[in-house]
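Both backbone and side-chain heavy atoms feed into the values below; hydrogens, waters and symmetry mates do not.
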Amino acid sequence: MTSFPIPAKEKHSYTNTVFQSGVSESCVRAPFDNEVHTRVVASDSTAVRRRSPPGAEPRPKRRNKMPNIKIFSGSSHPDLSQKIADRLGLELGKVVTKKFSNQETCVEIGESVRGEDVYIVQSGCGEINDNLMELLIMINACKIASASRVTAVIPCFPYARQDKKDKSRAPISAKLVANMLSVSGADHIITMDLHASQIQGFFDIPVDNLYAEPAVLKWIKENIPEWKNCTIVSPDAGGAKRVTSIADRLNVDFALIHKERKKANEVDRMVLVGDVRDRVAILVDDMADTCGTICHAADKLISAGATKVYAILTHGIFSGPAISRINNACFEAVVVTNTIPQEEKMKHCSKIQVIDISMILAEAIRRTHNGESVSYLFSHVPL
């Protein structure tokens, strides 16, 4: 049998590539078939378009601007989750959370997450233990449903104040929570203003600790006319670093209130280090629970000659007698972020004002999903 070699020219004629106006088109023709397979790759998109066979239905177009991403909301703060989703142009994923009659938590993810980049928004507030367990179950449900990555977005990290052994036989509960999140299947944590930055070291997975400071600076400049003649005050020694950072950015002075305990169960003696006479005093702290410290600090600042006192807090927990203490204190305003829902508390206290930080969390999610740096958010508020 005689074989006839194919000329080199004909070999090359089977595959042609055409480049025009930033689009490369590759056509491959089978030697003994009239079918042509076309692939078009646009320079500004990674989408691949193939010519469909005759009679086939056209493929539906993706309306999602950020493909392969799903955002689910826990039951602790659905309003913040919705704002984050709206900011990203996405819809919240379908999830049903319920309790059995014995109070066990049940979570049902209502859509496929296979191969998706999943973000679960759950803040450490309200029924903290139930919400934490719900978060762990949601993470595990997504992980065993073949999600490619699961990120827990925890605006207010639970048990953050139990971060060290301050007395014999005391637990380090923040470390325990970190272990539980890792074991449940979380690949990444996004949180805001940890009580102690060292909590990041409790994890073996990446942790992005965002800061409310840029949003706080913006609020001060827009809402306090005398901000150039103010003093930033820390109600305790632990917040000195946070206060000095804000004071440097505003180019104003800072002060510190030192608490002295003579013995247990005795009222604290507060010593003001710094000058606030004839100035606006702005108390800054990461969280306020029963508000005993900041209310005592406000009285101390007024007695030291401050003209007005504001309090700016990242996490407004406001439990127990907090609301009545704020109403009776000499604050012009108590400003908190919405890492924790504040609608009910605002009904009982007109001094509480809220800074929305949903755009910071949304931008962190977008940058994480696209593999971009989030360090820009440490000093800027997204537009």
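For Glu104, there are no salt bridge (Lys or Arg N to Asp or Glu O under 4.0 Å) partners, not counting sequence neighbours. Under the ring-ring contact (aromatic ring centres under 6.0 Å, His included) criterion, His258 pairs with no residue, sequence neighbours left out. Partners of Glu222 by salt bridge (Lys or Arg N to Asp or Glu O under 4.0 Å), not counting sequence neighbours: none found. In terms of the side chain to side chain donor-acceptor pair (under 3.5 Å) criterion, residue partners of Asn129 (sequence neighbours excluded) are, by chain and number, Tyr159. Listed by chain and residue number, Lys99 satisfy the side chain to side chain donor-acceptor pair (under 3.5 Å) test with Asp130 (two or more places apart in sequence, or in another chain). For Glu111, the salt bridge (Lys or Arg N to Asp or Glu O under 4.0 Å) partners at least two apart in sequence or on another chain are Lys70. For Thr231, the side chain to side chain donor-acceptor pair (under 3.5 Å) partners are Arg279, not counting sequence neighbours. With sequence neighbours left out, the salt bridge (Lys or Arg N to Asp or Glu O under 4.0 Å) criterion links Asp236 to no other residue.
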In a table with atom names and distances, give each donor-acceptor pair under 3.5 Å that connects a side chain of residues 327-336 to protein atoms at least two apart or in another chain.
residue	atom	partner	partner atom	Å
Asn327	ND2	Ile323	O	3.3
Asn327	ND2	His348	O	3.2
Asn328	ND2	Ser324	O	3.0

Which side-chain N or O atoms in residues 206-215 pair as donor and acceptor under 3.5 Å with protein atoms at least two apart or in another chain?
residue	atom	partner	partner atom	Å
Asp208	OD2	His188	NE2	2.9
Asn209	OD1	Asp193	N	3.1
Asn209	OD1	Leu194	N	3.2
Glu213	OE1	Ser245	OG	3.0
Glu213	OE2	Ser245	OG	3.1
Glu213	OE2	Arg249	NH1	3.2

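Counting side-chain heavy-atom gaps under 4.5 Å among Ile, Leu, Val, Met, Phe, Trp and Tyr, the cluster of Ile317 also holds Met287, Ile340. Grouping Ile, Leu, Val, Met, Phe, Trp and Tyr residues whose side-chain heavy atoms lie under 4.5 Å apart, directly or via other members, leaves Val271 alone, with no other cluster members.
Environment of CD in Glu127: sparse, with no more than 12 heavy atoms of neighbouring residues, nucleotides or ligands closer than 6.0 Å.
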